[in-house]
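Note sheet for the following structure.
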Amino acid sequence: MIDVTKLLPKIVRANPELAVKMAWARAAGEGLRRNTHPSGFEGKTLTVSVMDALWQKQLQSMSAELIFRMNNLLGRGAVDELVFRIAPSEVSRSHSLDRRESTGKPTDHPLPTELMFAATSIADEDLRARFLRAANNLIARRDSNPGND
């Protein structure tokens, strides 16, 4: 199987926005990706929608590292700045579309920042994964029954 990220330097010439969004997905990793959505790329600035102010602050502190990772994947200084915008509905909407396209059914829901940070204190990986799956199931159940708050 071909690693698509190896093609990013070529894709950046043909479609810079697509290449940068793909680089974001790889540089951010699964945990960040579930709570963010790269929403726009203009000049050398990538705008990323985030779930809340806590994610915004955390990601701002990680900007230099994320830019470094992205530019390593892209093969040149394609990104100079990351702007984090609070837009939880955009993050949720983009991820629900992604899940439906990839699996045909919804699965994971973006988890609240506090829950993700709490999960990092669980040393046992299996227990942490079970905790996050249980939280995801509860959120899915809550979201599927909006009148039962």
Side-chain angles (χ1 to χ4, degrees), residues 1-123 125 128-129 131-140 142-144 146:
M1 178 177 262
I2 296 173
D3 183 3
V4 176
T5 58
K6 302 244 187 259
L7 300 173
L8 285 177
K10 293 179 182 176
I11 295 172
V12 81
R13 286 189 290 278
N15 189 337
E17 184 169 0
L18 175 63
V20 169
K21 288 180 177 183
M22 290 172 70
W24 166 262
R26 183 64 173 253
E30 180 66 30
L32 296 181
R33 213 171 36 240
R34 280 194 305 226
N35 292 282
T36 62
H37 172 69
S39 52
F41 181 65
E42 189 171 323
K44 291 188 172 200
T45 301
L46 176 63
T47 301
V48 178
S49 298
V50 299
M51 290 300 289
D52 56 38
L54 288 171
W55 276 107
Q56 183 183 44
K57 184 175 182 177
Q58 182 68 27
L59 289 169
Q60 284 170 338
S61 71
M62 299 170 62
S63 284
E65 174 66 24
L66 291 165
I67 290 170
F68 176 79
R69 289 181 190 178
M70 291 174 64
N71 284 331
N72 273 346
L73 292 168
L74 295 167
R76 61 188 180 113
V79 179
D80 285 343
E81 182 182 12
L82 294 172
V83 173
F84 299 102
R85 181 180 62 133
I86 300 170
S89 60
E90 186 174 319
V91 174
S92 296
R93 183 174 50 251
S94 71
H95 291 295
S96 65
L97 290 173
D98 290 346
R99 283 189 295 277
R100 286 188 190 113
E101 288 172 5
S102 65
T103 65
K105 61 179 181 172
T107 55
D108 290 339
H109 293 271
L111 298 175
T113 306
E114 298 86 0
L115 192 78
M116 293 297 291
F117 288 134
T120 62
S121 67
I122 302 172
E125 286 186 38
R128 183 173 49 247
F131 171 79
L132 291 171
R133 272 197 309 274
N136 184 57
N137 289 338
L138 289 171
I139 290 171
R142 179 200 66 197
D143 291 350
S144 69

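Only heavy atoms go into these numbers, but all of them, side chains included; no hydrogens, no water, no symmetry mates.
How far CG of Leu74 is from CZ of Arg26: 12.0 Å, rounded to the nearest 0.5 Å. Note that CD of Glu17 and OG of Ser39 are 9.0 Å apart. Values are rounded to the nearest 0.5 Å. To the nearest 0.5 Å, atoms OG (Ser61) and CG (Leu66) are separated by 9.0 Å. In this structure, CZ on Arg34 lies 11.5 Å from CE on Met51, to the nearest 0.5 angstrom. Distance CZ/Arg69 to CD1/Ile67: 12.0 Å, rounded to 0.5 Å. Summarising the geometry, atom CG belonging to Leu59 is positioned 9.0 Å from atom CG belonging to Asn35; distances are rounded to the nearest 0.5 Å.
Using a distance-only test at 3.5 Å, with no hydrogens or angles considered, a donor-acceptor pair links the side chain of Asn71 to the main chain of Ala78. Side chain of Arg33 to main chain of Ala28: no donor-acceptor pair is present (N/O by atom type, distance under 3.5 Å, no hydrogens or angles). Not one N or O on the side chain of Glu81 forms a donor-acceptor pair closer than 3.5 Å with the backbone of Thr45. Ser92 contributes no side-chain N or O that, together with a main-chain N or O of Ser89, makes up a donor-acceptor pair within less than 3.5 Å.
Considering all non-hydrogen atoms of both residues, Leu46 and Pro38 come closest at CD1-CB, 4.1 Å. Here the shortest heavy-atom pairing between Gln56 and Phe84 reads NE2-O, 2.7 Å.
In this structure, Val79 and Phe41 have side chains that are in contact, with non-hydrogen atoms separated by less than 4.5 Å. By the 4.5 Å heavy-atom criterion applied to side chains, Thr36 and Trp24 are counted as neighbours. The side-chain heavy atoms of Ile86 and Trp55, taken from C-beta on, include no pair separated by under 4.5 Å.
Residues meeting the side-chain hydrogen bond (donor to acceptor under 3.5 Å, both in side chains) test with Thr47, sequence neighbours left out: none. Evaluation of the side-chain contact (heavy atoms from CB on, under 4.5 Å) rule for Asn72 yields Phe68 as partners, not counting sequence neighbours.
Around atom CD of Glu65, more than 12 heavy atoms belonging to other residues, nucleotides or ligands sit under 6.0 Å away.
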